[in-house]
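Read the structure below first, then the notes.
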Amino acid sequence: MRKLAILGAGIFGDRRERELFEPAGYQADYYECDDPMDLAASLTDIVGLIVNLEQVTDALLDRLPGLKAIGRYGVGVDNIDLEAASRRRIPVINVPDYCVDEVAEHAVSFIFAVNRKLPTATSLPRKGDWGKVQALKPIRAIKETTLGVVGTGRIGMKVIEMLAPFGCKILIHDPYLARAELPRNAEMTGFDELLAQSDIITIHCPLTEQTRRMFCADTFARMLKQPAIINVSRGPIIDEGDLLAALDEGVVSFAALDVMETEPPQRDHPLLQHPKAIVTGHAAWYSEQSENRLRDLLAMRIIDCLEGRPVPSIVNKIQ
Ligand code: NAD
């Protein structure tokens, strides 16, 4: 049987991929490691490699002469040297579409939680403060709020769709969105107008050189309504030092984050303990269904690639 190595599947807790690989004639072996180079000597005969966050470097690919396909659990491929893979004509395959509903639901959960001030509201009864809405003022009904959506691809658009019945005003900033694609319940604005008018800002653009530190002291200074900020996209889009200052100064009223600049963050990271922040540990993608969808789609795409069949999500250019 031809061999495949699967790295970083320990978070899933079972060997689900084998049920697809073995009948197709592939032996799938699971490994956990910090650096795949430590395993290179055992992987010299693999034809397929699946990774989660492990680094796939030029030097590693030098050690895997029979490799014909690389798969990444998830969307981002910044841990894989795409140029080095392309040079060797090895397709890199991801799964961009496995968790759109889940991430959008996570963002919408954050939107309602920050709008209803649930973190503060749940802390009050614990201190014996029952019925004291003064500590929560002001709260507006969601239909009276303005939501700014930064990035309206698959997930941003799903958030807008999910919010349609609630009637809030929605402002969009996405430099690549064509007006024809504008949802009926949203308006396109410039970035400055979105910053100035939004009560809640939710971030759904990818991490690129343009979006890195897109939210920093300069951006926070242009926010006029002390908005809450939600980030379920990528941590480095927000400068966390500047966010902490903006929270402490009241320029930003609250932050709800699923992603952080460095993951995992230090245990004593000030945002983890901050009274004006809630943080979930990069969990927005997860549901029972999305986890299975991710694993099955990636395994099937790797098999299709190895068998010479067309694959919908190859991220690098193969000449
Ligand atoms: P997508 O590619 O469909 O959409 C991204 C949108 O951002 C596009 O419409 C693009 O035009 C827009 N954009 C690009 N640069 C921009 C800029 N400078 N300003 C504003 N908009 C800009 O991606 P998606 O599937 O909607 O996913 C969005 C992001 O969510 C991903 O890049 C990923 O980082 C993140 N994500 C997080 C999780 C999680 O578990 N937290 C899971 C999946 C995806």
Side-chain angles (χ1 to χ4, degrees), residues 8 11-12 52-53 72-80 82 94-111 147-163 170-183 186-195 198 201-216 218-219 222 229-239 255-265 278-295 297-298 312-315:
I11 55 163
F12 303 131
N52 189 3
L53 298 172
R72 160 82 226 285
Y73 283 124
V75 189
V77 286
D78 39 286
N79 54 322
I80 300 173
L82 294 181
N94 71 348
V95 191
D97 42 0
Y98 74 102
C99 62
V100 174
D101 284 2
E102 286 77 4
V103 182
E105 281 173 24
H106 207 86
V108 171
S109 306
F110 274 162
I111 289 168
L147 175 75
V149 181
V150 178
T152 48
R154 287 172 288 254
I155 296 168
M157 282 295 191
K158 183 56 82 174
V159 168
I160 294 168
E161 181 192 319
M162 287 177 177
L163 286 173
I170 298 180
L171 304 178
I172 283 177
H173 170 68
D174 186 327
Y176 308 105
L177 180 74
R179 281 204 178 265
E181 298 168 72
L182 194 65
E187 297 167 31
M188 193 132 57
T189 60
F191 190 43
D192 274 344
E193 203 179 333
L194 181 147
L195 296 176
S198 299
I201 295 174
T202 184
I203 301 172
H204 301 288
C205 53
L207 176 62
T208 64
E209 280 324 300
Q210 286 73 42
T211 64
R212 186 179 294 278
R213 295 189 69 253
M214 190 177 186
F215 288 83
C216 61
D218 172 55
T219 332
R222 288 181 274 153
I229 295 187
I230 289 164
N231 188 8
V232 296
S233 187
R234 282 292 179 268
I237 296 171
I238 298 181
D239 183 306
L257 311 172
D258 186 54
V259 285
M260 298 196 71
E261 270 182 340
T262 303
E263 295 183 13
I278 47 174
V279 180
T280 53
H282 209 139
W285 64 273
Y286 170 73
S287 73
E288 282 297 288
Q289 294 75 22
S290 62
E291 178 178 308
N292 292 342
R293 204 179 301 132
L294 168 66
R295 301 175 71 186
L297 282 173
L298 187 59
S313 56
I314 294 178
V315 273

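Note that ligands are numbered from 1 as they come in the structure, with each ligand's atoms numbered from 1 the same way.
Listed by atom number, the atoms of ligand 1 under 4.0 Å from Cys205 heavy atoms are 7 (O), 13 (N), 16 (C), 21 (N), 22 (C). Each of the atoms 39 (C), 40 (O), 41 (N) of ligand 1 lies under 4.0 Å from some heavy atom of His282. For ligand 1, the atoms lying closer than 4.0 Å to a non-hydrogen atom of His173 are 19 (N), 20 (C), 21 (N). With ligand atoms numbered from 1 in the order given, ligand 1 contributes 29 (C), 30 (O), 34 (O), 35 (C), 37 (C) to contacts under 4.0 Å with heavy atoms of Ser233. The ligand atoms of ligand 1 that sit less than 4.0 angstrom from a heavy atom of Met214 are 19 (N). Residue Cys99 has at least one heavy-atom neighbour below 4.0 Å for each of these atoms of ligand 1: 42 (C), 43 (C).
Between Ile237 and Arg213 there is no side-chain heavy-atom pair separated by less than 4.5 Å. Taking 4.5 Å as the limit, every side-chain heavy atom of Ile170 sits out of range of all side-chain heavy atoms of Glu187.
In this structure, the protein non-hydrogen atom closest to atom 37 (C) of ligand 1 is Val232 O, 3.2 Å. In this structure, atom 15 (N) of ligand 1 lies nearest to the protein heavy atom Tyr176 CE1, 3.5 Å. In terms of protein heavy atoms, atom 40 (O) of ligand 1 is closest to Trp285 N, 3.1 Å. Among all protein heavy atoms, the one lying closest to atom 20 (C) of ligand 1 is Pro175 CD, 3.3 Å. Counting only heavy atoms of the protein, atom 9 (O) of ligand 1 lies nearest to Asp174 OD2, 2.6 Å. The closest protein non-hydrogen atom to atom 33 (C) of ligand 1 is Arg234 NH1, 3.7 Å. What sits closest to atom 25 (O) of ligand 1 on the protein, heavy atoms only, is Arg154 NE, 3.0 Å. Among protein heavy atoms, atom 42 (C) of ligand 1 sits closest to Val103 CG2, 3.4 Å.
With respect to Asp97 and Arg154, no salt bridge is recorded, no charged nitrogen being found less than 4.0 Å from a carboxylate O.
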Point to revise | Derivation and outcome, ring-ring contact (aromatic ring centres under 6.0 Å, His included), residues Tyr286 and Tyr73 | key: CA-CA 12 Å; Tyr286 170 73; Tyr73 283 124; over 10 Å; no

Check your understanding: Given the rule in the side-chain contact (heavy atoms from CB on, under 4.5 Å) test, do His173 and Val149 qualify, once you have shown the distances and angles that lead to the verdict?
Key -> CA-CA 6 Å; His173 170 68; Val149 181; over 6 Å; no

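In terms of polar-atom proximity, defined here as any N/O pair under 3.5 Å, Gly153 does make such a contact with ligand 1. Among the atoms of Ala283, none of the N or O lies under 3.5 angstrom from an N or O of ligand 1.
The closest side-chain donor-acceptor pair between His106 and Thr280 falls under 3.5 angstrom.
With Ile172 as the fixed residue, the side chain to side chain contact (heavy atoms under 4.5 Å, CB included) test singles out one of Val150, Leu182, Leu147: Leu182.
Under the 3.5 Å distance criterion, the side-chain polar atoms of Thr152 are left unmatched by any main-chain donor or acceptor of Asp174.
At least one heavy atom of Thr152 sits closer than 4.0 Å to an atom of ligand 1. Asp258 counts as a contact of ligand 1, since one of its heavy atoms falls under 4.0 Å from the ligand.
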